[in-house]
2 protein chains.
Amino acid sequence: MHKPTTKDLAKAAGVSLATVDRVLNARAGVRPATAERVRQAIKEINFVRDFSAANLARKKDYQLVFLLPDHDDEFIDQIQKQIAGTSRVLTHERTKVSILRTSANDPHRVAKEIDNLSASQIDGVAIMAPETPQVRDAILRLHARGIAVVAFVSRQPNAKRTYYVGINNEAAGRTVGQLMARFTGQRHGTVLVLTETMQSRDSQERRHGFDAITAKYADRLTVGPSMETYGDPQRAEKIVKMALQSQPPMVGIYLMSHDILDIMHVIDDLGMAQRIVVIGHELTPFTRARLVDGSMDAVITQDVGHLVRSAIRMLRSKITGMDPLDSQERIRVEIIMRENMPEDA
Amino acid sequence: MHKPTTKDLAKAAGVSLATVDRVLNARAGVRPATAERVRQAIKEINFVRDFSAANLARKKDYQLVFLLPDHDDEFIDQIQKQIAGTSRVLTHERTKVSILRTSANDPHRVAKEIDNLSASQIDGVAIMAPETPQVRDAILRLHARGIAVVAFVSRQPNAKRTYYVGINNEAAGRTVGQLMARFTGQRHGTVLVLTETMQSRDSQERRHGFDAITAKYADRLTVGPSMETYGDPQRAEKIVKMALQSQPPMVGIYLMSHDILDIMHVIDDLGMAQRIVVIGHELTPFTRARLVDGSMDAVITQDVGHLVRSAIRMLRSKITGMDPLDSQERIRVEIIMRENMPEDA
DNA sequence: AAAAAAATGATGTACGTACCTCAGAAAATC
DNA sequence: GATTTTCTGAGGTACGTACATCATTTTTTT
């Protein structure tokens, strides 16, 4: 009636504990037929390895690494804080997490950094980096070395078998599109889409989703092309100022990447008076303040804490070979307005 | 450099392992001064008990119970499914969860059921029941017996020291209010608020939040009193039909409790043609279908999986005395539209 | 059939903690 | 100061698994 142990398993399979151990830990020296018998017995008695006991015996700590861009913004900041906050709990689970920053825009450096990782005693890596051939190959090398990898926040669709922890960006774009259409009421006008760069796949996916919805409202909403700031505040300012004078008048702005929020001050002067609907991404201290004062109307976000924990869980389950509770790992596209803003920092 | 163990702790405190054990497990027979020295050492060397090892040694399973109303609806159904789904993972964590259904509307029966629990070998209970004096007292009796308790989905603000796992219902109401105002564009008209009963604190809180926002739009939105269905479909139908003929015309409906969704068919006939904005609570197969076909515009929900896991984590941490990672336990007020609907069932 | 090789069993130690018993030390009581 | 009581220490076993060693059995090769 109790939970079956290795002993029960040995008895059920008609072998010794040593053999059970050999099969469970994929050690050499066991005939295929015998191994099969054990595997059969595992199913029959519904044996599940006690991982806490296993880890205890192994006296091993899992070494995980988050590879983050060295570009500093509030979102990355939140991720770092969450990782730090989570590590307290992880002590109980024999997991150590460290953070590595690297230049986001230099694929070769990122790839090199990843290669360095495989040299050290690392068990798993969460990589947040734009998708490039260099990065993709480096990830595949990690796989080859048996190091667990997940793509973090940025998808890596071309690196096969690399699980993605993050939101569905197309759905996020669709959601913004729908909110934009709804929040502008029945008004007619143009919508400005602003992003740091359209190079990234994330931006493209968001834009794609956004267009799919706004197209249905083409009779009253004119959506312009994605304007790129390239991280240049002056350029950004110029774009916004020009757009504010468009005809028909501007009714909405979609800030598609989280790292361009600093242009908000340009909008402030005119925007609030004109009731321009402003929607952006990621809930940060900055966007929180904007939601509260009404200069932004909604924020589409992903729960950073959940993001971090999910990445860690996925890595751990890849390492231990245990399959995760996938319903817990789905990252939701969250809509945050002033009214449903979570309380904490 | 490694994680300190009880042995290290003993050395640091200048006592034996046995004494350390006595202090850690609150066993009798240790002088206050000595105990204090140990506690001091715990802080100094930053000792944290290895709970997996501890649980292993204890060879104990935590017995948890969810007390749910026996009223059958999709929301309760989802909760049950999540509990079942979670239990697989819990096996690894020495936790067993069972479900107990009880009449929701009979406070005495609920209280009696709770009292029965304290008799059996139960370590923690998550209670979903309307707040009544009987239930409150029964909860306090659980506390007295050292059984961990959390209020689940329904708050129990008068049962002291009872942690609440669920959303902030006032914030939920505010969110609906804001969405209602936004989604109705600049249109003028009445808004119908429909609920099963206003008896429950949840309904009152939601209504309160809803009014706080819609009051700002009083120039164009006329919000009627909360209409109660008392679970009677015919009564519900009559209410809705009457409301649909109101002057000024109806522009929105707020379905305030999740258990009244069956009246949607009444709205269907007229609602969609009149572009009535319909907002309700809880994402279920039913509301999913409504969001997809457009007969509902938004759903305010709480992640049921998260709800269940959070309740379990809170109970476990109360039992073991370990404090939880509270940022993980905050239940968000989620806005779901067709565009950001999570994929799974 | 004998020898070599491969597979399996038996047994022990370890991980970090819980829990038990018994002996000895320290404190409180008389 | 002697006695009782209360603390403390020393040591062991257990939990479920990992990992190592060595003896023994079974299979394969010659």
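Just so you know, these numbers come straight off a predicted model, no measurement behind them.
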Holding to side-chain hydrogen bond (donor to acceptor under 3.5 Å, both in side chains), I want the full list of residues that pass it with [X], two or more places apart in sequence or in another chain.
{"X": "A:Thr301", "answer": "A:Glu282"}
{"X": "A:Arg58", "answer": "none"}
{"X": "B:Arg31", "answer": "none"}

Check every strand shown and say whether A:Asn25 touches a base, only sugar-phosphate, or nothing at a heavy-atom separation below 4.0 Å.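 Sugar-phosphate contact only.
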
Which residues share a side-chain contact (heavy atoms from CB on, under 4.5 Å) with [X], sequence neighbours left out:
{"X": "A:Lys11", "result": "none"}
{"X": "A:Ser16", "result": "A:Ala18, A:Thr19"}
{"X": "B:Lys112", "result": "none"}
{"X": "A:Arg141", "result": "A:Asp115, A:Asp137, A:Ala138"}

OP1, OP2 of C:dT17 versus side-chain N and O of B:Arg58: anything below 4.0 Å?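 The answer is no; no side-chain N or O of B:Arg58 sits under 4.0 Å from OP1 or OP2.
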
Between B:Arg31 and C:dA26, is there a contact of a side-chain N or O with OP1 or OP2 at under 4.0 Å?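 False: B:Arg31 side-chain N/O out of range (4.0 Å or more) of C:dA26 OP1/OP2.
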
Could you give the start and end, 5' to 3', of the contact zone on DNA chain D for chain B, using atoms under 4.0 Å from its heavy atoms?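 The footprint of chain B covers D:dC7 to D:dG16.
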
Return a table of donor-acceptor pairs under 3.5 angstrom between the side chains of residues 33-41 of chain B and protein atoms on other chains or two or more places apart.
| from | atom 1 | to | atom 2 | distance (Å) |
| --- | --- | --- | --- | --- |
| B:Glu36 | OE1 | B:Arg39 | NH1 | 2.7 |
| B:Arg37 | NE | B:Ala13 | O | 3.3 |

Among residues 11-19 of chain B, which contact DNA chain D at a heavy-atom distance under 4.0 Å?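 Output list: B:Gly14, B:Val15, B:Ser16, B:Ala18, B:Thr19.
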
What residues in residues 35-43 of chain A put a non-hydrogen atom under 4.0 Å from any atom of DNA chain C?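 The stretch gives none, as no residue of it lies under 4.0 Å from the strand.
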
How would you list all residue pairs meeting salt bridge (charged side-chain N to carboxylate O under 4.0 Å, His left out) that involve residues 148-167 of chain B, not counting sequence neighbours?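 Listed once each, the pairs are B:Arg155-B:Glu205.
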
